[in-house]
Amino acid sequence: MTSPTPYALPADVQKLPRMSGYSSDACTSAIAWAQSVVEDYTERVFGAQTGTVALLDPHPGERSLLDDPPVTNVTKVEGFMAPLGGTMAWQDVTDHALWTERGEVYDATGLPGYPWLGGPTWPALPQSLRVTYDHGYADIPAAVKAAVVKLAGEYLPNPEAYIEKRIGDNTYRWLQAVLGETMVGLGQYTLVGIA
């Protein structure tokens, strides 16, 4: 999913050397491409979004992860479970879910301040934890914006994304070198998990 908020403006790209001649429309297209490359690389969307609904696999006694941190607000946590003697339905899990800015939702059942009230307090079925939340950055991080601008500037003169081009005895590998150099600054935003 791509953020509806552009991470850079055409004027940002036009400030680059040899880019002032490109139209705003061309720069906007290049920014959209660059933004998708950055989002694919980091496996996340950076723009602020509200009201996102996620279905997660609950991990009783552990944590589940929400997409695209930072999480700025959790408005609802629900579990698909049956109350004592009842039928399966979506129920609020207000007293038994903690969340963090990193997008972690914890089963807090039995922790101090979260007494077990009897009956199911945390869902157990796959995709039975439903969280409604707000996430993303109000201001796009400088490293992300810089990567998008740099990639857009490289895209404009080379929209075919040549990896290798030979002119006489010279060989150029434009895209691969640029991606490697640009993505180094995004390491802190890449979500890495070990299963």
Side-chain angles (χ1 to χ4, degrees), residues 1-56 64-76 99-105 130-193:
M1 177 176 169
T2 298
S3 173
T5 307
Y7 299 169
L9 300 173
D12 298 324
V13 176
Q14 290 167 335
K15 290 177 189 173
L16 294 172
R18 299 179 303 281
M19 294 294 127
S20 62
Y22 288 97
S23 70
S24 289
D25 288 344
C27 290
T28 299
S29 295
I31 289 167
W33 173 83
Q35 184 168 318
S36 70
V37 169
V38 167
E39 289 173 349
D40 287 348
Y41 178 79
T42 59
E43 298 182 353
R44 68 194 292 184
V45 175
F46 291 90
Q49 298 183 42
T50 58
T52 299
V53 177
L55 288 175
L56 305 171
S64 297
L65 294 174
L66 296 167
D67 289 333
D68 305 326
V71 172
T72 55
N73 187 36
V74 172
T75 54
K76 192 172 220 178
W99 61 275
T100 68
E101 184 180 275
R102 293 183 304 199
E104 300 164 321
V105 180
R130 182 166 63 188
V131 181
T132 305
Y133 67 107
D134 303 338
H135 58 96
Y137 293 90
D139 297 316
I140 301 301
V144 173
K145 181 178 177 179
V148 168
V149 169
K150 184 173 183 181
L151 288 171
E154 292 295 329
Y155 174 85
L156 285 168
N158 183 19
E160 293 84 12
Y162 287 122
I163 292 176
E164 183 173 316
K165 185 174 183 176
R166 293 181 186 189
I167 301 174
D169 291 333
N170 297 318
T171 301
Y172 300 95
R173 294 180 178 269
W174 292 334
L175 185 61
Q176 219 154 19
V178 170
L179 283 177
E181 293 168 11
T182 303
M183 299 308 182
V184 167
L186 298 178
Q188 65 183 320
Y189 298 107
T190 303
L191 301 177
V192 177

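Because only heavy atoms are used, hydrogens play no part in the values below, and waters and symmetry mates are left out as well, while side chains stay in.
Closest of all the heavy-atom pairs between M19 and P157 is CE-CD, 4.0 Å. In terms of heavy atoms, A26 sits closest to L156 at O-CD2, 3.5 Å. Summarising the geometry of D68 relative to V45, their closest heavy-atom pair is OD1-N, 2.8 Å, with the distance given to 0.1 Å. Across T28 and P10, no two heavy atoms sit closer than the pair OG1-CG, 3.4 Å.
Using a distance-only test at 3.5 Å, with no hydrogens or angles considered, a donor-acceptor pair links the side chain of D12 to the main chain of L9. N73 contributes no side-chain N or O that, together with a main-chain N or O of Y133, makes up a donor-acceptor pair within less than 3.5 Å. Judged by distance alone, the side chain of T72 and the main-chain N or O of D134 form a donor-acceptor pair under 3.5 Å.
Residues passing the side chain to side chain contact (heavy atoms under 4.5 Å, CB included) test with K76, sequence neighbours excluded: E78, D92, T132. For the side chain to side chain contact (heavy atoms under 4.5 Å, CB included) test, residues two or more places apart in sequence or in another chain that qualify with A34 are V148, L151, A152.
Side-chain contact between Q14 and S24: present, with at least one pair of heavy atoms (C-beta onward) separated by less than 4.5 Å. With a 4.5 Å cut-off on side-chain heavy atoms, V13 and Y22 do not count as touching. P69 has its side chain within reach of R44: a pair of non-hydrogen atoms, C-beta onward, lies under 4.5 Å apart. By the 4.5 Å heavy-atom criterion applied to side chains, E101 and V71 are not counted as neighbours. Inter-residue side-chain proximity for H135 and T52 is flagged as met; some heavy-atom pair is nearer than 4.5 Å.
Atom CD of Q49 sits about 10.0 Å away from atom CG of D67, to the nearest 0.5 Å. Taken to the nearest 0.5 Å, the CG atom of L56 stands 5.5 Å off from the CG atom of L66.
Ring-plane geometry between Y7 and F46 is classed as perpendicular, the angle between the planes exceeding 60 degrees on a 0 to 90 degree scale with a lower cut at 30.
When the shell of 6.0 Å around CG of D139 is examined, it contains 12 or fewer heavy atoms from other residues, nucleotides or ligands.
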